[in-house]
Protein chains: 2
Amino acid sequence: MKKNNNIFDVNKQNSDKKQLFIDAAICSLGNHGYKGTTVRQIAKYAGVAPGLLTHYFKGKEVLIAESYKYLAKQFLDDFQTKIGEHETDPVKTLQLFFQNFFEPDNMGADYLRVWLAFWTLTLTEPHLRNTHKEIHNQYISSIENMLLDAFTANNIDITDKDPRSLAIGIHALLDGLWLECCLDPDAFSQSINLEIIYNFAQSTTGLNIKPT
Amino acid sequence: MKKNNNIFDVNKQNSDKKQLFIDAAICSLGNHGYKGTTVRQIAKYAGVAPGLLTHYFKGKEVLIAESYKYLAKQFLDDFQTKIGEHETDPVKTLQLFFQNFFEPDNMGADYLRVWLAFWTLTLTEPHLRNTHKEIHNQYISSIENMLLDAFTANNIDITDKDPRSLAIGIHALLDGLWLECCLDPDAFSQSINLEIIYNFAQSTTGLNIKPT
DNA sequence: AAGAATTTTGAACAATTGTACAGTACTATA
DNA sequence: TATAGTACTGTACAATTGTTCAAAATTCTT
């Protein structure tokens, strides 16, 4: 879900200059964090003079906010696309979703740096707070829908279940594991994380999620 | 666990000047985030001239690193103390631990701002990486021990269980819920969070954790 | 090809940053 | 009270920040 080709690579020939700056900003956030992401650093990644930034964005903070929206939306779109591709078996969809979460491409210090910067902004800028709220809701709903599909496909009675709470829990567990894994990559592995999430999801939902 | 009286209040009469600066730094991080935490701002909270900082610490970054270690250690100590107080019933200990995690005092944007700054540092400074690793290990071990106590007290067979993985999962779930709750306080409540963690912990461990 | 419009540059700017340090205030010892 | 030593102040400074803007380069229009 957190797949993004532009964190390390910036296509300097991009004719869409706004997008070029967004890519460069994300790249800089990933490599140098919020503190190291200066106008001059962004410009360097974009292969452009520093002064050009204000020609396309009102200011540096605005650019970073736009980058946030772009990245969050892109992740969600990727995720929705992947879901669409494996509509056949709902349980397999869940498995793929979990696996995708812990792909090495979607982890690491670089990614966490970007999200730390964005979360910091979320706490400050009121309009970004709404963006976060929106994105988060869509995530939860997606997981909830996957669960509902899986329940009906396996003829599981849901009268005593609360799919939304289950979705919130699963999402929180994924987030927590992802965070700790980025902070200390040595202590975690994709297989261990998957084992944990499979066990949790299986025993809370009653679905037979764990692959054989 | 995240209880800290010095996030908003700084005792300017503190004779231990090093601790005064640490309190002031945490206070500033909570109120203004990493970007807004300047030497002058810290000095203002400490009620002291800016130049005094370098007299007690080698530099600003060193002070923030020290604050990290102090806060992380304090949280763990608080947690250990609370465990000691309720040694009688292991299951009740777990309940208290969960409840304490979602106390309003331990949540909110101010607290998240502090941890975002610390996590950012963890990604940069190698020696803080070890600090994080150490603290995290102690957290997991504490939860694991609580689980083991609860298993033996309730005569539950653990041959088919992996207590450490369960502890990692529970910790990640707590972290994830805490994070999302700080980012969007409107969408969460203490009772919902507890309901979720109770359900997860109960169905994964087999313990009768949920309070009646 | 010529002129208008736009894009891009890069130096200059005021503001803010962390740190250094000479000087002042304080405290303890004699 | 006089002296030594520490605690503390507040200015000063070099470095870096985001932003501005006149000039240059480029592209578009006619």
Side-chain angles (χ1 to χ4, degrees), chain A residues 10-68 113-114 116-118 120-121 124-125 127-128, chain B residues 10-68 113-114 116-118 120-121 124-125 127-128:
Chain A
V10 177
N11 178 15
K12 299 186 182 179
Q13 268 71 47
N14 194 338
S15 60
D16 182 353
K17 280 284 144 58
K18 276 206 151 199
Q19 188 60 45
L20 171 65
F21 271 109
I22 287 176
D23 291 347
I26 293 172
C27 181
S28 175
L29 284 174
N31 286 329
H32 309 102
Y34 184 77
K35 194 186 181 184
T37 297
T38 65
V39 173
R40 285 161 180 82
Q41 186 68 254
I42 295 170
K44 193 184 279 183
Y45 277 113
V48 127
L52 194 59
L53 193 149
T54 44
H55 192 261
Y56 287 99
F57 296 90
K58 198 169 185 185
K60 187 190 129 185
E61 295 296 314
V62 174
L63 165 60
I64 295 184
E66 297 270 342
S67 305
Y68 185 8
R113 268 192 219 104
V114 178
L116 288 179
F118 287 162
T120 303
L121 271 179
T124 323
E125 310 271 333
H127 61 102
L128 282 186
Chain B
V10 177
N11 178 16
K12 297 186 183 180
Q13 268 70 45
N14 194 338
S15 61
D16 184 352
K17 281 284 145 55
K18 275 206 150 198
Q19 188 60 45
L20 171 64
F21 270 109
I22 289 176
D23 291 347
I26 294 172
C27 181
S28 175
L29 284 172
N31 286 328
H32 310 102
Y34 184 77
K35 194 186 180 182
T37 297
T38 65
V39 173
R40 285 158 182 84
Q41 186 68 255
I42 295 171
K44 194 184 278 182
Y45 277 112
V48 127
L52 195 57
L53 193 148
T54 44
H55 192 262
Y56 287 99
F57 296 90
K58 199 170 183 185
K60 186 189 132 188
E61 295 296 314
V62 175
L63 166 59
I64 294 184
E66 296 270 342
S67 305
Y68 184 9
R113 267 190 219 103
V114 178
L116 289 178
F118 287 162
T120 303
L121 270 180
T124 323
E125 311 272 333
H127 61 101
L128 283 185

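Lettering of chains follows the sequences in order, A, B, ..., and the numbering in each one begins at 1. Heavy-atom basis, side chains included; hydrogens, waters and symmetry copies ignored.
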Check: A:Leu53 main-chain N/O paired with A:Lys60 side-chain donor or acceptor under 3.5 Å: no
Distance, nearest 0.5 Å, that separates CD1 of A:Ile26 from CZ of A:Arg113: 15.0 Å
Distance, rounded to the nearest Å, where B:Ile42 contributes CD1 and D:dC8 contributes P: 17 Å
Whole-Å distance separating the CG atom of A:Leu52 from the C1' atom of D:dA22: 16 Å
B:Tyr56 side-chain proximity, nearest of D:dA7, C:dT19, C:dA12: D:dA7
Donor-acceptor contact below 3.5 Å, side chain B:Thr54 vs main chain B:Gly51: yes
A:Lys18 NZ to C:dT8 C1', straight-line distance once rounded to whole Å: 17 Å
Minimum-distance nucleotide (side-chain atoms of A:Lys60 versus D:dT19, C:dT7, D:dT9): D:dT19
Between C:dT17 (C1') and B:Leu63 (CG): distance, integer Å: 16 Å
Given D:dG18, C:dG10, D:dC8, the nucleotide with the shortest approach to the side chain of A:Val39: D:dG18
Touch class at under 4.0 angstrom, heavy-atom based, for A:Thr38 against every strand present: sugar-phosphate
Interatomic distance, B:Gln41 CD vs C:dG18 P [rounded to whole Å]: 11 Å
Short side-chain N/O contact to C:dT8 OP1/OP2 from A:Lys17, under 4.0 Å: yes
Nearest-Å distance for atom pair CZ/P, residues B:Arg40 and D:dC13: 14 Å
Six-ring centre of B:Phe57, B:Lys17 cation under 6.0 angstrom, axis tolerance 45°: no
Rounded interatomic separation in angstrom, taking OH from B:Tyr34 and P from D:dT17: 13 Å
Atom pair distance, as rounded to whole Å: CZ in A:Phe21 and P in D:dT19: 12 Å
Sugar-phosphate only, base, or nothing, as touched by A:Phe57 at under 4.0 Å among non-hydrogen atoms: nothing
Nearest-nucleotide 5' precedence on DNA chain D, A:Lys35 against A:Thr54: A:Lys35
Value rounded to 0.5 Å, distance of OH in A:Tyr45 from SG in A:Cys27: 4.5 Å
